Amino acid sequence: MFTNVLHEVTDRLDSRFILTLFFPSLVFWGGLATVYAADKGLVTLLTQWRAQDAGVQLTQIIIALAWVTFFAYLLSNQLVWLTKQFEGYWKWVPFLGKRLVAARQKHYQRVLSSIDPKADYERIYYAFPFPDEPEEVMPTRLGNILKNSERYSLQRYEMDAVLLWPRLYAVLPESFTKILEGAKASLDFMLVISSLSISFALITGIYLLIVQSVWWLFLLCFLGGLLVAWAAYQSALETAITYGQLIKSAFDLYKDELRKQLGYEKPKSLEQERAFWQNIYDLIYKGEAGKPDDMKYLTDKETQASSSTETKD
Amino acid sequence: MHAIILGMKRINLMRLKDWQKLLIVFLVLLFAATGSWHLLQRSKDTKIVYVPARNLPAYYLIQETDLITKTLPLEDLSEGVLTLKDDLINHYTLETLMLNEVVSKSKVITPPSLDLIQNTTAVSVPATAAATFNGQLTSGSIVTAWASYPTNKPAINKAEIILQRVLVLDVQKTEDSRNHPYIVILAVPINKQVEVLGAAASGPITFTLTP
């Protein structure tokens, strides 16, 4: 769910398109071509290619680059879906999907129940984030890390992250959004590398078995691809923790900015703040606030005062 | 030290009776091992051979760019099959070689010397039975070709060497010509092609065997 909203962050990363999507796609297709050539005789195919007319060679290079660019664009459109698969939204998979989700959730629920939240606070918070509620546990570690950051604002302030993130993002300062974009791009990059490596391992593994290639090439491509995928996923987990922390920080640090922009008075206690955000949720989602009397608008003076403070800043 | 302890605890936590992950790793390794073993067994009974990368016409000088490799079971490789690259490169085809099909020795001609095929092209000239030594002239022979020109005296023709040391690629019998029942295909230097064709059109070509 939250991933959909976060997609807007990715949309702003056009400058990172080449590094995050184009470059991995180029390596992926180059790798597939190399495996094909290695099986058919690398030197022979290279000699055949060199023997062609320069115009034909140039056309082939242009077509190859155009295809890689097109593939990278396709990948960019599927980035949300891809991230969801790493998060563990597998229920769409026929027969196995629901069972796999249930089995993995059960495992992580067992892990969650084995943690003493008081004794292991730091470990849970920084190294192995989980959603606090067992029923919210996801089937993968990445899913749990992102779910943890998604649930954070709701548990602390009754702020629904999915609903409020697009609004909060709009009031974040540029310096903060840059850091956030960097972390998101890094996460996307690792997930793209991981998914392309899995695809590479499966495609080349099956292809080399079908064409009865040499055993070492099969082993190298299949296990090598999976090893790279695993390493990239492990890196993605580390990046996701940083990214999750930034999401949490955004709510902690800039929820007041959002309140000001929405034009409401500052709540006087945490309890009032929670009630306020619950009201905002009702207002946005259901069309009417639960307790409209509790939501007082800022006076013009207060609005001007806050604006002048911002200008001075 | 504290970080190491935290790391160890984290690893323990992650590995907490995670039999599902272990099962996936086991299945992956099983697939890799089975696949490798299968390919290893296959490789013992197979051989990598060079085959045409496209259909190659008859009397065509094979180049490296015309070949690709193919792995074939040993049982499919009969005697006389050419498997090495050097067995095919710089060899003339005697008939059309099909894409991806193994090449047998009888389908190519092995030149006695590279000089005889470098910068050459296949040219066919009609020949009499006598000119082919009554069928004794065969592919692989090296000959000197003579052209006959008419002189002022009607009964006498003038003979002139037009090619020295040329390779005979093939000798074919034709059904439709009484005077020239044979066709001799020669690997003629490219710069001599027009001259040979002109000489063949104006009169008979005869050959002498060159040692």
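These numbers were taken from a predicted model, which means no experiment stands behind them. Chain letters run A, B, ... following the sequence lines, proteins first, then strands; residues in each count from 1.
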TODO: For the residue pair B:V28 and A:F222, establish whether any side-chain heavy-atom pair is separated by less than 4.5 Å.
DONE: yes
Open item on the list: For the OG atom of B:S36 and the CG atom of A:L220, what is their distance to the nearest 0.5 Å?
Closed with: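 These two atoms lie 10.5 Å from each other.
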Open item on the list: Within this structure, what is the OG1-CZ distance for the pair B:T65 and A:R50, rounded to the nearest 0.5 Å?
Closed with: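 One gets 12.5 Å once the value is rounded to the nearest 0.5 Å.
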Are more than 12 heavy atoms from other residues, nucleotides or ligands located less than 6.0 Å from atom [atom1] of [X]?
X	atom1	value
B:F31	CZ	yes
A:R99	CZ	no
B:N191	CG	yes

- [ ] Count the heavy-atom pairs under 4.5 Å between each of B:I48, B:L40, B:L29 and chain A, then report the option with the highest count.
- [x]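 Most pairs with chain A among the choices: B:L40.
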Open item on the list: Which residues pass the side-chain contact (heavy atoms from CB on, under 4.5 Å) test with A:L65, not counting sequence neighbours?
Closed with: A:F22, A:L26, A:I61
Open item on the list: So if I take each residue of residues 198-213 of chain A and look for any heavy atom under 4.5 Å from a heavy atom in chain B, which residues do I end up with?
Closed with: A:L208, A:L209, A:Q212, A:S213
TODO: Go through A:W216 and B:L39 one step at a time and tell me if the side chain to side chain contact (heavy atoms under 4.5 Å, CB included) criterion holds.
DONE: CA-CA 9 Å; A:W216 57 265; B:L39 292 177; over 6 Å; no
Open item on the list: Using the rule given for side chain to side chain contact (heavy atoms under 4.5 Å, CB included), can you reason through B:W37 versus A:W215, listing the C-alpha separation, both sets of side-chain angles and the distance that settles it, and then say yes or no?
Closed with: CA-CA 7 Å; B:W37 183 81; A:W215 67 273; over 6 Å; no
Task: Criterion side chain to side chain contact (heavy atoms under 4.5 Å, CB included) on A:K106 and B:Q20, from CA distance to verdict - done: CA-CA 11 Å; A:K106 210 173 171 184; B:Q20 295 154 6; 5.8 Å; no
Open item on the list: Please classify the contact of B:Y50 with chain A as side chain, backbone, both or neither, using a heavy-atom distance under 4.5 Å.
Closed with: side chain
